[in-house]
Amino acid sequence: MTDANNDPAAAPEDGSDGSPRNFIADIVEDDLATGKHQQVVTRFPPEPNGYLHIGHVKAITVDFGLAERFGGRCHLRFDDTNPTKEEQEFVDEIQADIRWLGYDWGEHLYFASDYFEQMYAWAVHLIEQGKAYVDSLSPEEIREYRGNYFNKGKNSPYRDRSVEENLALFQRMRNGEFEEGEALLRAKIDMESGNLNFRDPALYRILKTPHHRTGDTWCIYPMYDFAHGQGDAIEHVTHSICTLEFEDHRPLYDWFLDNLPVPSRPRQIEFARFNLSYTMTAKRKLRQLIEEGRVAGWDDPRMPTVRGMRRRGYPPEVLRDLCERVGVAKRDGIVDVGLMEFVLREHLNRHCQRAMAVLRPLRLVITNWDDGHVEHFEVPNNPEDPEAGTRSVPFGGVLWVDRDDFREQAPRKWFRLAPGKEVRLRSACLVTCNEIIKDEHGEVIELRCTWDPQSRGGRSPDGRKVRGTLHWVSAAHALTAEVRLYDRLFATEDPTKVEEGGTFVDNLNPDSLEVLTDCKVEPSLAALQPEDRVQFERTGYFCADRHDYAADRLVFNRTIGLRDSWAKIEKKNKGGGKGQAKAKAKA
RNA sequence: UCGGGGAUCGUCUAAUGGUAGGACAGCAGCUUCUGGUGCUGCUUAUCAAGGUUCGAAUCCUUGUCCCCGAGCCA
């Protein structure tokens with residue numbers, strides 16, 4: 001106890017690779033240490049019936065991360081046991097998404113359907129052992145016989161058919177001699193079990209639908225419970241990680257391993273599903289949003305799908321880092337979307353080059369500028385990273401600045417443009433607003449300013465305080481761009497919580513998208529590649545749209561805005577009275 | 001009602017009988033040519049009640065609350 005290892009500063013809080021420890025990693029580590037396994041083998045088992053979303057990303061990072069961390073391997077296995085829901089398109093797209101996330105399954109790509117013949121043989125084995133039978137009850141009757149939480153189930157009248165009869169019937173099921181629902185292979189376990197999964201679970205059902213990989217070879221298909229553990233055993237998976245709702249399937253998972261001559265003994269371990277506030281991942285509901293035209297598709301940048309987040313501008317590292325920070329545990333909860341936004345900004349701040357883009361242009365004319373003169377200023381590409389260098393940005397007597405940076409009536413502590421106020425144009429010079437020009441509706445359409453030639457480069461010549469620094473674009477050189485301002489898709493923390501008579505659709509954020517088509521951006525922004533990310537100074541992080549961006553059609557998606565403490569101050573000032581009342585009530 | 005799980009700052013997560021720690025959020029300040037970034041400090045938690053123990057988030061008892069389960073879905 002009192003040896004050198006007791007130094008608290010040296011106490012290891014982390015795993016050997018620096019990632020936080022968790023109960024599953026502890027189990028794996030232990031199994032390796034005791035020699036139970038020589039190598040860890042995990043698997044990620046998606047059903048190819050939809051696109052991957054942020055919830056799947058967590059499972060992927062756990063499955064692949066564990067293998068990576070302990071020098072093992074992770075298989076990608078498609079759980080394709082239900083041809084009525086599954087399609088080849090999804091097996092391709094899911095692979096693309098996982099690769100984009102940065103994971104590699106090498107040659108270990110498998111399909112549950114690869115094992116259909118083996119599973120059929122194992123089903124026959126169970127029949128031969130008297131542990132499975134063909135039931136001829138209708139689906140409705142089976143439900144009635146199963147009972148419920150309150151009542152025990154009762155045995156099917158077909159439960160005691162002879163082995164020979166069951167064998168013959170099962171063969172006839174395979175031959176296609178029965179219609180869907182006419183016959184069902186069930187395990188013979190315990191109709192009175194408190195665990196409903198033990199009440200003679202279905203093993204094989206008849207589905208006369210062609211399968212995307214096996215075609216019409218089969219008209220009977222194994223159920224998830226009869227396929228999953230056996231697939232794990234065939235692949236010598238050591239640790240089969242899944243989410244909490246499979247917890248009471250585990251006894252059944254083990255029952256099959258106990259009663260079948262499987263080649264290895266995997267262990268199922270469950271952890272809590274990943275939930276994010278202001279986000280919803282239910283596949284049916286996401287589909288509904290698309291069908292009702294509330295989002296543009298599965299890759300709409302507001303969608304919590306991997307492809308949606310990719311198009312929005314999320315780097316894969318951010319999604320992986322987020323999952324690591326959230327950790328792995330059995331307690332289910334909702335992760336604050338603010339954590340994801342923090343991880344996002346942290347990454348983007350370090351990696352993105354800066355550029356200047358004016359989203360809502362307002363004309364600014366420098367009255368004491370030599371007519372037609374063009375100056376080039378050196379602007380740092382990334383103040384976080386001096387090695388990113390500088391670029392030359394053209395500057396002239398007519399500029400665009402952001403409307404949000406001007407107020408005719410400056411509020412208290414307003415550092416930006418207003419009549420009589422001096423501000424810095426970033427990396428360029430100091431200008432003072434002398435005059436404002438309005439149109440016939442009284443709207444401000446132009447600011448007349450003078451610049452201080454001593455401030456060339458943006459320095460304050462005499463050390464006078466200039467608090468405000470604004471971004472700008474030279475009007476003569478500006479490019480026009482479309483900018484899509486995305487925000488959270490939902491306005492409420494838990495979008496599934498709805499008022500009486502309402503639906504989750506009522507919780508949509510009406511301002512989740514604003515499209516600006518007349519933005520003015522600096523010329524360098526025409527040289528990006530689709531999916532390139534950039535910070536628009538003082539505004540936020542943006543990416544060149546994966547599909548719509550081209551050198552002659554600039555389209556940017558806002559990934560996330562910069563933190564805006566001014567907006568916070570203004571909000572607080574407006575809500576001041578209310579806050580006081582609240583403080584008083586508390587006292 | 002039955003079976004399975006869970007309960008630690010506002011949120012997520014550590015502590016495996018020995019100082020309740022971290023991250024996010026919040027608050028305050030410093031720095032700053034992005035009201036960005038960075039830095040510093042502060043606030044805040046063991047579901048409840050009993051018990052065992054020198055010592056309990058951890059072990060025991062009782063209770064409370066929450067989640068999952070009645071597909072021929074996964």
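Below, chain A is the first sequence line, B the second, and so on; all start at residue 1.
Computed from coordinates, the A/Asp494 CG to B/G10 C1' distance equals 16 Å when rounded to whole Å. Rounded to an integer number of Å, the gap from CZ of A/Arg273 to P of B/G6 is 17 Å. Atom CZ of A/Arg407 is separated from atom C1' of B/G35 by 13 Å (rounded to the nearest Å). Computed from coordinates, the A/Lys330 NZ to B/A7 P distance equals 10 Å when rounded to whole Å. A/Trp472 has its CH2 atom 14 Å from the C1' atom of B/U34, to the nearest Å. The separation between A/Glu341 atom CD and B/G36 atom P is 16 Å, rounded to whole Å.
The side chain to side chain contact (heavy atoms under 4.5 Å, CB included) search around A/Ala25 returns A/Asn22, A/Leu66, A/Arg69, A/Phe70, not counting sequence neighbours. By the side chain to side chain contact (heavy atoms under 4.5 Å, CB included) test, A/Ala132 pairs with A/Leu126, A/Ile127, A/Leu185, A/Leu203, sequence neighbours left out.
If you run salt bridge (Lys or Arg N to Asp or Glu O under 4.0 Å) between A/Asp135 and each of A/Arg186, A/Arg159, A/Arg146, A/Arg161, only A/Arg186 comes through. For the pairing with A/Phe542, the side-chain contact (heavy atoms from CB on, under 4.5 Å) check across A/Val483, A/Ile560, A/Thr559 returns one residue only, A/Val483.
Put simply, the side chain of A/Arg77 never gets that close to the backbone of A/Phe111: no donor and acceptor are under 3.5 Å apart. Counting only distance, with no hydrogens or angles, the side chain of A/Thr214 and the backbone of A/His211 share no donor-acceptor pair below 3.5 Å.
Set against B/A14, B/G35, B/C24, the side chain of A/Phe342 has B/C24 as its closest nucleotide. Comparing atom distances between the A/Ser565 side chain and each of B/G26, B/G36, B/G4 picks out B/G36 as nearest. Taking every side-chain heavy atom of A/Lys572 into account, B/C27 is the closest of B/G35, B/C27, B/A14. Of the candidate nucleotides B/G6, B/U34, B/C27, B/U34 has the atom nearest to the side chain of A/Gln535.
By the rule that a glycosidic angle within 90° of 0 means syn, B/G29 does not qualify and counts as anti.
Where A/Gly338 and A/Phe415 meet RNA chain B, the nucleotide closest to each residue was compared, and A/Gly338 sits on the side nearer the 5' end.
A/Arg424 comes within 4.0 angstrom of a nucleotide base, judged by non-hydrogen atoms across all strands. Residue A/Val343 is out of contact with every strand shown, counting any heavy-atom pair closer than 4.0 Å. Looking at heavy-atom distances under 4.0 Å, A/Gly333 makes contact with sugar-phosphate atoms alone, never a base. At a threshold of 4.0 angstrom between heavy atoms, the contacts of A/Lys152 with the nucleic acid are absent. Within 4.0 Å (heavy atoms only), A/Trp414 reaches at least one base atom of the nucleic acid.
Sorted by first and then second residue, the salt bridge (Lys or Arg N to Asp or Glu O under 4.0 Å) pairs with a member in residues 457-467 of chain A read A/Glu422-A/Arg464, A/Asp452-A/Arg464, A/Asp462-A/Arg464; sequence neighbours excluded.
Side chains of A/Tyr253 and A/Asp232: a donor-acceptor N/O pair is present below 3.5 angstrom, by distance only. A donor-acceptor pair shorter than 3.5 Å can be found between the side chains of A/Ser240 and A/Arg43. Residues A/Thr42 and A/Asp63 bring no donor and acceptor atom of their side chains to less than 3.5 Å of each other.
Under the 30°/60° scheme for interplanar angles, the aromatic rings of A/Phe556 and A/Phe536 are found to stand perpendicular.
OP1 and OP2 of B/A14 both lie 4.0 Å or more from every side-chain N or O belonging to A/Arg21.
Stem list for RNA chain B (at least 3 consecutive Watson-Crick or G-U pairs, distances under 3.5 Å): B:2-7 with B:64-69, B:10-13 with B:21-24, B:26-30 with B:38-42, B:47-51 with B:59-63.
Atom NZ of A/Lys413 has 12 or fewer neighbouring heavy atoms from other residues, nucleotides or ligands inside a 6.0 Å radius.
Taking only distance into account, the side chain of A/Glu384 meets the base of B/G36 through a donor-acceptor pair shorter than 3.5 Å. For A/Arg538 against B/G35, no side-chain N or O and base N or O form a donor-acceptor pair under 3.5 Å.
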Q.
How would you summarise protein contacts on nucleotides 66-74 of chain B per nucleotide, using B for base, S for sugar-phosphate only and - for none, with heavy-atom distances below 4.0 Å?
A. -SSBBSBSB
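Between A/Phe395 and A/Phe377, the ring center distance clears the sub-6.0 Å criterion.
Heavy-atom distances under 4.0 Å link RNA chain B to A/Asn349, A/Arg354 of residues 348-356 of chain A, given in residue order.
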